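The first residue in the sequence is number 1, and the count goes up from there. Note that the coordinates shown come from a computational prediction; the quantities given were computed from them, not determined experimentally.
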Amino acid sequence: MPDLNDLINLSDLGFLLGRILIASFFLAVGVRQLKRFSNTVDYVASLKIPFPKLSAAGAIAVELILGSCIVLGVYCTSSALILAMHTLITAYLGHNYWSASEEKEYGLWLHFYKNISITGGLIILAMAGPGNYAF
């Protein structure tokens with residue numbers, strides 16, 4: 001039977017693993033969008049978001065910088081809350097399944113609710129904090 005210290009260490013490892021997993025989404029998306037920056041700008045422009053180049057660059061910066069902060073556990077609470085807001089905004093602007101054609105509706109619906117779920121995880125992370133394995 002594990003003692004209390006073993007459980008605490010498992011909890012800290014769980015927080016670290018959770019931070020890495022949730023941030024991996026933002027880091028992967030940010031890197032992919034940066035590599036395909038002109039495609040990202042075109043997509044942002046298709047959503048009729050003002051200043052598509054600046055908006056795309058800002059979104060990529062938010063994803064890469066705050067995703068890295070979450071992995072490291074630096075400014076974890078504020079990073080998680082800002083990413084939660086970013087993810088909700090992205091869900092609403094980028095995955096608006098309610099106005100999509102029938103063939104695109106399911107994919108957008110799936111991405112919308114994926115973003116909602118990620119937002120929930122980010123809020124939990126913000127409230128719980130990074131755990132002990134953080135800078």
Side-chain angles (χ1 to χ4, degrees):
M1 172 86 67
D3 70 4
L4 186 58
N5 288 332
D6 292 335
L7 291 176
I8 291 169
N9 289 337
L10 284 177
S11 176
D12 290 331
L13 284 173
F15 274 108
L16 176 61
L17 179 60
R19 288 194 340 254
I20 291 169
L21 290 174
I22 205 160
S24 69
F25 172 77
F26 295 100
L27 295 172
V29 167
V31 167
R32 183 176 175 89
Q33 290 176 340
L34 189 58
K35 284 182 177 179
R36 296 167 174 85
F37 188 69
S38 63
N39 293 353
T40 303
V41 171
D42 290 345
Y43 180 67
V44 170
S46 77
L47 299 173
K48 306 215 181 342
I49 295 172
F51 311 106
K53 246 185 202 175
L54 183 62
S55 296
I60 292 167
V62 163
E63 290 163 351
L64 293 176
I65 293 168
L66 299 183
S68 297
C69 286
I70 286 176
V71 168
L72 298 172
V74 176
Y75 305 113
C76 192
T77 297
S78 54
S79 295
L81 288 174
I82 293 167
L83 274 175
M85 288 186 289
H86 169 77
T87 305
L88 279 178
I89 292 167
T90 301
Y92 180 74
L93 295 177
H95 307 305
N96 53 346
Y97 67 91
W98 50 89
S99 63
S101 64
E102 196 171 319
E103 62 270 357
K104 291 185 178 183
E105 187 265 342
Y106 178 72
L108 289 171
W109 175 85
L110 192 64
H111 285 295
F112 179 86
Y113 281 102
K114 170 214 32 131
N115 280 29
I116 298 302
S117 299
I118 290 169
T119 299
L122 288 165
I123 291 169
I124 291 169
L125 177 60
M127 298 302 108
N132 286 329
Y133 297 141
F135 288 100

Under 4.5 Å between side-chain heavy atoms, chaining through other members, with only Ile, Leu, Val, Met, Phe, Trp and Tyr counted: pull out the rest of the cluster around Leu54, sorted by chain and number.
-> Phe51
Inspect the surroundings of NZ in Lys53 and state if more than 12 heavy atoms from other residues, nucleotides or ligands are less than 6.0 Å away.
-> no
Got a sec, which hydrophobics cluster with Met127, joining ILVMFWY side chains under 4.5 Å apart, including via others?
-> Leu81, Ile123
Cluster check Ile60, Leu27: I/L/V/M/F/W/Y, side chain < 4.5 angstrom = yes
Counterpart residues, side chain to side chain donor-acceptor pair (under 3.5 Å), relative to Ser99 (two or more places apart) = Asn96
Heavy-atom pair of closest approach, residues Phe15 and Ala128 | CE2-CB, 3.6 Å
Search all heavy atoms of Phe37 against all heavy atoms of Ala57 and return the closest pair with its distance.
-> CE1-N, 3.9 Å
Would you say the side chain of Ile118 lies within less than 4.5 Å of the side chain of Phe25, judging by non-hydrogen atoms?
-> yes
Those residues at least two apart in sequence (or on a different chain) that pass side-chain contact (heavy atoms from CB on, under 4.5 Å) with Leu16 are Arg19, Ile20, Tyr133
May I ask you to test the Phe26-Ile70 pair for a side-chain heavy-atom distance under 4.5 Å?
-> no
What about Leu122 and Val62, same hydrophobic cluster or not, with Ile/Leu/Val/Met/Phe/Trp/Tyr joined at side-chain heavy-atom distances under 4.5 Å?
-> yes
Residue Leu34 excluded, over 12 heavy atoms near CG under 6.0 Å = yes
Once you round to the nearest 0.5 Å, how far does SG of Cys76 lie from CG of Leu66?
-> 10.5 Å
Pairs flagged by side-chain hydrogen bond (donor to acceptor under 3.5 Å, both in side chains) wherever residues 25-37 is involved - sequence neighbours left out | none
To which residues is Leu21 joined in a hydrophobic cluster, defined by side-chain heavy-atom contacts under 4.5 Å among Ile, Leu, Val, Met, Phe, Trp and Tyr, whether direct or through other members?
-> Leu17
Not counting sequence neighbours, list each pair that qualifies as a side-chain hydrogen bond (donor to acceptor under 3.5 Å, both in side chains) and has a residue in residues 67-88.
-> Glu63-His86
For residues Ala23 and Gly67, report the shortest heavy-atom separation together with the two atoms involved.
-> CB-O, 3.3 Å
Nonpolar side-chain network containing Leu93, other nodes, edges under 4.5 Å | Tyr43, Val44, Leu47, Ile49, Leu88, Ile89, Tyr92, Tyr97, Trp98, Tyr106, Leu108, Trp109, Leu110, Phe112, Tyr113, Ile116
With Ser101, which residues qualify under side chain to side chain donor-acceptor pair (under 3.5 Å), at least two apart?
-> Glu103
Hey, quick one: are Ile22 and Ile82 part of the same hydrophobic cluster, counting side-chain heavy atoms closer than 4.5 Å, chains of contacts allowed?
-> yes
